[in-house]
**Student:** 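One structure coming up, written as structure tokens, with questions to follow.
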Number of protein chains: 4
Amino acid sequence: MARPLSPEKREALLQSATQVVAEHGVLATTASIAKRAGVAEGTLFTYFENKEVLFQALYLHLKQALADAMMPGYPHQADFRLRIEHLFQSYIGWGLSNPSGRLAVSRLAASGRLLDETRAQAMASFQDVAHMMERAVQSGVLVNAPMAFLYAIIERIADITIESIEKEPANAERYRQIGFHAAWRAITS
Amino acid sequence: MARPLSPEKREALLQSATQVVAEHGVLATTASIAKRAGVAEGTLFTYFENKEVLFQALYLHLKQALADAMMPGYPHQADFRLRIEHLFQSYIGWGLSNPSGRLAVSRLAASGRLLDETRAQAMASFQDVAHMMERAVQSGVLVNAPMAFLYAIIERIADITIESIEKEPANAERYRQIGFHAAWRAITS
Amino acid sequence: MARPLSPEKREALLQSATQVVAEHGVLATTASIAKRAGVAEGTLFTYFENKEVLFQALYLHLKQALADAMMPGYPHQADFRLRIEHLFQSYIGWGLSNPSGRLAVSRLAASGRLLDETRAQAMASFQDVAHMMERAVQSGVLVNAPMAFLYAIIERIADITIESIEKEPANAERYRQIGFHAAWRAITS
Amino acid sequence: MARPLSPEKREALLQSATQVVAEHGVLATTASIAKRAGVAEGTLFTYFENKEVLFQALYLHLKQALADAMMPGYPHQADFRLRIEHLFQSYIGWGLSNPSGRLAVSRLAASGRLLDETRAQAMASFQDVAHMMERAVQSGVLVNAPMAFLYAIIERIADITIESIEKEPANAERYRQIGFHAAWRAITS
DNA sequence: GATGAATGAGCTTTCATTCAT
DNA sequence: CATGAATGAAAGCTCATTCAT
């Protein structure tokens, strides 16, 4: 093999895409993504067949990174509240330390250019979370509602919390508290 | 921009833009918006200086329509819970009967092409709601948090509720109940 | 109507395309065709949906021009030989006075980018010629072979004749004679 | 260009190019030619300096193959008619058994990318044929016309014959007969 | 004011060619 | 020498905007 596809270059393209999509949404140009990644315009297309494929890959990449960020320190033995709080606070932490990533995800999610299949694939990264919450519902701790519904509530309240903290970093701790409080009460009865 | 002769044409353009933006987001073309409105491509620009201005106007238009939809039947004398439930359920109602409008709003909101000024102007339509909620916070009924935070929670839970109902129309009533239950618990302590 | 599509502009584009395709074949760029026609690059696409459509239109346009060139002076009452000679010599005349047109046609015909449908449409312009030749076959003057076969022979020998004259203009008259002689003998028995 | 190590690879590239050029003309990509030949994209350029050189080489290669196909069984002692018929029928035979080769030649010949020098070189393969025909002209058997003219007529009528047979294989024998009849009469007086 | 042809900057993508491996 | 990733100059085409009619 002449020169193998470089994982670093692929990574650089995804990182660049994260920044540029965070800034310009789906109006981000492939040229600017390539440029920011430090590769030639054509190179982007040896890593991603076309812009659409790049967007799907970017979404999956970011969602996976988010899922990964929620694992360290997960209290497998703790009660449901602590476990869910861990997920909530990790989500906040990831969002705060990856503002572009979070923004890019939300731009893509609302762009109308994400394939349903991509959304479905992204879900897979949160399999374990879903199972835990199912058990929590069965045990009566969480309100009896579809998993997707409960998860969406946590996610959106976490998003609101992140956005609030980004506007008033000084009140980060307080927002994390009322954010989780709101989320927890919303999903319990 | 001269004073537009025809309010009907302006309205037609906004309605058309709603559909097309719901479908294609900010990638909607001015040509397709004009066509669907039944006017010439150039005509769009006598009503909206350029695409950016059109998008801002569309967002304001839709947010205003939403605010208007929340007024009829508003129980000025009822307790905070009933008043907020009225707002919540009206929001759901508007969203269900205006899927394109709701989608267009969310596409625009996450597109990165909405001016901060536009968002601020849109807020103005919800002045009364905000005042009511401020009083509710002062009275201790709502949790002590910034208005924007509380309002965002209601809004997003309402959005989740609408999306759930759109997927399972048969369970509309149940989703409206657990949706409001979640929202109410989230903003109270 | 604002500004009607201009037949002159369409004509200019086809003439320009004739030159550029004669020179570069299907590698002719839309940009160079537009430029030579004196219109903006984008304008080409308001007259021809895309490059493929332009090529089909160009082929039809040139074949029609050729057919038209064969009509003036056609001796309806003369015998078959004179009638066919008129066609042959008119073909030669058109080819000599439109070298680019003839070249463009041959480039397109051999390019692999002409649709069968386009070829079929072009045939229609030669309907009358075909009928006359059919009668000539029935009358026993021409050799009993398919029309397409006989017509192709005339055409190709005419092409060879034109090419020979283009190389040696001084011997034009002689080539016209031996060219027709060859063609006539080829299709008679 | 260094001396190629592998004649097989060069041959594979030419065969591949024949297929791909037959299909796509000069729009054939070097990548697709290399792929079909089973070699890497870059390898093509160690055998042919660039695309233009490849096309010239391909044309020469195919014309040589055609010339070679006309030699076996050539009746050196027979009269001119039989000798020319042998050439004509061999040409037909080669064309029918090498449809891609014939098509590729015609695509290249009409593409505008063949160098005059290349055409001249290709002629060299038909030196013997040319000499024979010159003698035939001198002897008065063939019409007194330039060699190139006479040869072109034979070639084009043979092409027409091949194309006719490709459309109606059932009438192959008949087309071969009327084809040669036409060609012979065209070049004699 | 309404129309839609005209414009050309800009976009995505292709592809001949180079060159690190 | 073989490989195929890397390159970047085009190419075809789109589309917001202008402006002649």
Side-chain angles (χ1 to χ4, degrees), chain A residues 1-6 9-10 26-35 37-54, chain B residues 1-6 9 27-35 37-54, chain C residues 1-6 9-10 26-35 37-54, chain D residues 1-6 9 27-35 37-54:
Chain A
M1 200 179 352
R3 204 181 313 184
L5 278 174
S6 145
K9 225 156 253 179
R10 192 188 139 95
V26 288
L27 298 177
T29 66
T30 53
S32 68
I33 293 169
K35 186 170 190 179
V39 303
E41 292 183 30
T43 301
L44 186 150
F45 295 94
T46 80
Y47 288 85
F48 304 97
E49 200 176 333
N50 54 42
K51 203 185 179 185
E52 170 159 343
V53 165
L54 167 62
Chain B
M1 180 175 46
R3 169 115 3 92
L5 262 201
S6 157
K9 235 161 237 180
L27 297 177
T29 65
T30 53
S32 68
I33 293 170
K35 185 172 191 179
V39 304
E41 292 180 36
T43 301
L44 186 151
F45 295 93
T46 81
Y47 288 86
F48 304 96
E49 201 176 333
N50 56 42
K51 202 184 179 185
E52 170 160 341
V53 166
L54 167 62
Chain C
M1 200 178 352
R3 204 180 313 184
L5 278 174
S6 143
K9 226 157 252 179
R10 192 187 138 95
V26 288
L27 297 176
T29 67
T30 53
S32 68
I33 293 170
K35 187 170 191 180
V39 304
E41 292 184 31
T43 300
L44 186 151
F45 296 96
T46 80
Y47 287 85
F48 303 97
E49 202 176 332
N50 55 42
K51 204 186 179 184
E52 169 159 343
V53 166
L54 167 61
Chain D
M1 180 173 44
R3 168 117 2 93
L5 263 201
S6 156
K9 235 162 236 176
L27 297 175
T29 66
T30 54
S32 68
I33 293 169
K35 185 171 192 180
V39 304
E41 292 180 36
T43 301
L44 185 151
F45 295 93
T46 80
Y47 289 87
F48 304 96
E49 200 178 333
N50 56 40
K51 202 184 179 186
E52 171 160 342
V53 165
L54 167 62

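The sequence lines fix the lettering, A, B, ..., with proteins before strands; numbering per chain opens at 1. Please read these numbers as outputs of a predicted model, since none were measured by experiment.
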**Student:** Taking only residues two or more places apart in sequence, or in another chain, which ones meet C/Thr43 in a side chain to side chain contact (heavy atoms under 4.5 Å, CB included)?
**Tutor:**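 C/Thr43 satisfies side chain to side chain contact (heavy atoms under 4.5 Å, CB included) with C/Lys9, C/Val39, C/Ala40, C/Thr46, C/Tyr47 only.
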**Student:** Strictly below 4.0 Å: does C/Thr46 bring a side-chain N or O up to OP1 or OP2 of E/dA5?
**Tutor:**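 Indeed not, no polar side-chain atom of C/Thr46 lies that close.
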**Student:** Is the distance from OP1 or OP2 of F/dC15 to the nearest side-chain N or O of B/Thr30 less than 4.0 Å?
**Tutor:**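 No, B/Thr30 has no side-chain N/O under 4.0 Å of OP1/OP2 on F/dC15.
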**Student:** Write down the distance between CZ (C/Phe45) and P (F/dA16), rounded to a whole number of angstrom.
**Tutor:**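 It is 17 Å, rounded to the nearest whole Å.
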**Student:** With a 4.0 Å heavy-atom cut-off, tell me which residues in residues 37-44 of chain D come close to DNA chain F, sorted by residue number.
**Tutor:**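 The answer is D/Val39, D/Ala40, D/Glu41, D/Gly42, D/Thr43.
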**Student:** Give the stems involving DNA chain E, where a stem is 3 or more consecutive Watson-Crick or G-U wobble pairs (i with j, i+1 with j-1, and so on) under 3.5 Å.
**Tutor:**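 The stems are E:2-21 with F:2-21.
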**Student:** Between C1' on F/dA10 and NZ on C/Lys51, what's the gap in Å once rounded to a whole number?
**Tutor:**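 Distance check: C/Lys51 NZ to F/dA10 C1' gives 12 Å.
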**Student:** Heavy-atom nearest nucleotide on DNA chain F for B/Glu52 versus C/Thr29: which residue maps closer to 5'?
**Tutor:**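 Per heavy-atom nearest nucleotide, the more 5' residue is C/Thr29.
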**Student:** To the nearest 0.5 Å, how far apart are CG in A/Leu44 and CZ in A/Arg10?
**Tutor:**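 Answer rounded to 0.5 Å: 11.0 Å.
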**Student:** Distance check needed: E/dT7 P versus C/Leu5 CG, whole Å only.
**Tutor:**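 From C/Leu5 CG to E/dT7 P: 12 Å.
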**Student:** Could you give the CZ-to-P distance, from C/Arg10 to E/dA6, as a whole number of Å?
**Tutor:**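 After rounding, the gap between these two atoms is 13 Å.
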**Student:** What is the separation between atom CG on C/Leu54 and atom P on F/dA11, rounded to the nearest whole Å?
**Tutor:**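 My rounded result for the distance is 15 Å.
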**Student:** Taking only N and O in the side chain of B/Tyr47, is any of them less than 4.0 Å away from OP1 or OP2 of E/dG1?
**Tutor:**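 For B/Tyr47, the contact criterion (side-chain N or O under 4.0 Å from OP1 or OP2 of E/dG1) is not met.
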**Student:** Are any side-chain N or O atoms of A/Lys51 and backbone N or O atoms of A/Val26, one a donor and one an acceptor, separated by less than 3.5 Å?
**Tutor:**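 Confirmed, A/Lys51 side chain pairs with A/Val26 backbone.
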**Student:** Using a heavy-atom cut-off of under 4.0 Å over every strand shown, decide if C/Ala28 touches base, sugar-phosphate, or nothing.
**Tutor:**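 It contacts sugar-phosphate atoms only.
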**Student:** Mapping B/Lys9 and C/Lys9 to their closest nucleotides on DNA chain E, which lands nearer the 5' end?
**Tutor:**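 Mapping each residue to its closest nucleotide by heavy atoms, the 5'-most match is B/Lys9.
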**Student:** Grab the CG-P distance between D/Asn50 and E/dA16 for me, whole Å please.
**Tutor:**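 Computing the D/Asn50:CG to E/dA16:P distance gives 11 Å.
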**Student:** In chain order, what residues pass the side chain to side chain donor-acceptor pair (under 3.5 Å) check against C/Thr30, with sequence neighbours excluded?
**Tutor:**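 Result, side chain to side chain donor-acceptor pair (under 3.5 Å) vs C/Thr30: none returned.
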**Student:** Figure out the CZ/C1' separation between D/Phe48 and E/dT17, and round it to whole Å.
**Tutor:**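 Distance check: D/Phe48 CZ to E/dT17 C1' gives 16 Å.
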**Student:** Quick one: on DNA chain F, does B/Leu27 or A/Ser6 contact a more 5' nucleotide (nearest heavy atom)?
**Tutor:**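 Nearest nucleotide further toward 5': that of A/Ser6.
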**Student:** Please give me the minimum heavy-atom distance between D/Glu41 and D/Ala34, naming the atom from each residue.
**Tutor:**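 Closest pair (atom of D/Glu41, atom of D/Ala34, distance): CA-CB, 3.8 Å.
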**Student:** Write down the distance between CZ (A/Arg3) and C1' (E/dT21), rounded to a whole number of angstrom.
**Tutor:**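 In whole Å, E/dT21 C1' and A/Arg3 CZ are 7 Å from each other.
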